[in-house]
Trainee: 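I have a structure I would like to understand better, so I am pasting it below and will then ask my questions one at a time.
What you are looking at is a predicted structure, and each value in this text was computed from that prediction instead of being measured.
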Amino acid sequence: YVPVYSHIYVRDGAPHLLGISLSIRNSDSERAITVTSVRYYDTKGKPIQEYIEGQLELGPLETTTFLVEQSDIRGGSGANFIVAWKSDSAVYEPIIEAVMIGHAEGESISFKSIGRPLAQRIEPAAIEGE
């Protein structure tokens, strides 16, 4: 799960449009991983786009990048990517992060967002500390 922003709000709530670069890095120096899905969702959690058809193999230390153009406002301020991957053997987890960059009226902004694994759901009792 990678939170991303196709815009952020600035000065009196005006949207500042951002381009998004989603980077998937195979951090294993000896083994490949297979990316099975790169799905982009909007602020309401509705799927916008699947970025790959089939599967994409990333060799040892290989990186791939997916772009959302600055003019693409479909995602909104609460957009996200869910990336699915697999491997036939034990591997280091890939590093998945997004860099957002925006340029407008002589101003620019950039920041990154780090992906986090969706490993398990937490039961309500664990959330409440019981």
Trainee: With rounding to the nearest 0.5 angstrom, report the CD1 to OG distance, Ile101 to Ser21.
Mentor: 6.0 Å

Trainee: Report yes if some heavy atom in the side chain of Asp28 is under 4.5 Å from a heavy atom in the side chain of Pro60; otherwise report no.
Mentor: no

Trainee: If you measure from CD on Glu97 to CD1 on Ile24, what distance do you get to the nearest 0.5 Å?
Mentor: 11.0 Å

Trainee: Looking at Asn26 and Gly59, would you say the former's side chain and the latter's main chain have a donor-acceptor pair under 3.5 Å?
Mentor: yes

Trainee: Check this for me, if you would: do Arg74 and Asp72 make a salt bridge, where the nitrogen-to-carboxylate-oxygen distance has to be below 4.0 angstrom?
Mentor: yes

Trainee: Can you give me the closest heavy-atom contact between Val35 and Ile52, atom names plus distance?
Mentor: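 Nearest pair, atom of Val35 first, then Ile52: O-CD1, 3.4 Å.
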
Trainee: If I take atom CD1 from residue Ile96 and atom OG from residue Ser27, how far apart are they, to the nearest 0.5 angstrom?
Mentor: 9.5 Å

Trainee: Would you compute the distance between atom CD1 of Ile33 and atom CD of Glu93 and round it to the nearest 0.5 angstrom?
Mentor: 10.0 Å

Trainee: Around Ile73, counting heavy atoms of other residues, nucleotides and ligands shown, do more than 12 lie under 6.0 Å from its CD1?
Mentor: no

Trainee: With distance as the sole test, does Ser108 use its side chain to make a donor-acceptor pair with the main-chain N or O of His103 at under 3.5 Å?
Mentor: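 Side chain of Ser108 to backbone of His103: no pair is present.
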
Trainee: Does Val4 share a hydrophobic cluster with Ile109, counting links as ILVMFWY side-chain heavy atoms below 4.5 Å and allowing steps through other members?
Mentor: yes

Trainee: Identify the two heavy atoms, one from Gly76 and one from His7, that lie closest to each other, and give their separation to 0.1 Å.
Mentor: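 Result for this residue pair: CA-CE1, 3.5 Å.
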
Trainee: Counting neighbours of CZ on Phe111 that are heavy atoms of other residues, nucleotides or ligands and sit closer than 6.0 Å, is the number greater than 12?
Mentor: yes

Trainee: Crowded around Gln55 CD? As in, over 12 foreign heavy atoms under 6.0 Å?
Mentor: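 More than 12 within 6.0 Å, yes.
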
Trainee: Can you confirm whether Leu22 sits close enough to Val83 that some side-chain heavy atom of one is under 4.5 Å from a side-chain heavy atom of the other?
Mentor: yes

Trainee: Give, for atom CH2 of Trp85 and atom CG of Leu56, the distance between the pair rounded to the nearest 0.5 Å.
Mentor: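 Here the interatomic distance stands at 14.0 Å.
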
Trainee: ring-ring contact (aromatic ring centres under 6.0 Å, His included), that's the test. Do Phe66 and Phe81 meet it? Break it down for me.
Mentor: CA-CA 10 Å; Phe66 299 92; Phe81 278 95; 7.7 Å; no

Trainee: Atom CD1 of Ile20 and atom OH of Tyr5: how far apart are they, to the nearest 0.5 Å?
Mentor: 10.5 Å

Trainee: Is there a side-chain contact between Thr63 and Ser23 (heavy atoms, below 4.5 Å)?
Mentor: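 Yes, side chains in contact.
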
Trainee: Please report the shortest heavy-atom distance between Arg39 and Pro47, naming the atom on each side.
Mentor: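 Arg39 and Pro47 have their closest heavy atoms at CD-CB, 4.0 Å.
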
Trainee: Closest approach of Val2 and Ala98, non-hydrogen atoms and distance?
Mentor: CG1-CB, 3.9 Å

Trainee: Would you mind telling me which of Asp42, Thr43, Ile48 makes a side-chain contact (heavy atoms from CB on, under 4.5 Å) with Lys46?
Mentor: Asp42

Trainee: Side-chain donor-acceptor pair under 3.5 Å between Ser37 and Glu50, yes or no?
Mentor: yes

Trainee: Are Met100 and Val68 connected into the same hydrophobic cluster when the rule is that any two of I, L, V, M, F, W, Y join if their side-chain heavy atoms are below 4.5 Å apart?
Mentor: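 As far as the 4.5 Å side-chain criterion goes, Met100 and Val68 are connected within one cluster.
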
Trainee: State, to 0.1 Å, how close Ile82 and Tyr1 come at their nearest heavy-atom pair, and which atoms those are.
Mentor: CG1-CD1, 4.2 Å

Trainee: How far apart are the closest heavy atoms of Tyr40 and Ser6, and which atoms are they?
Mentor: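 Residues Tyr40 and Ser6, closest heavy atoms: OH-CB, 3.9 Å.
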
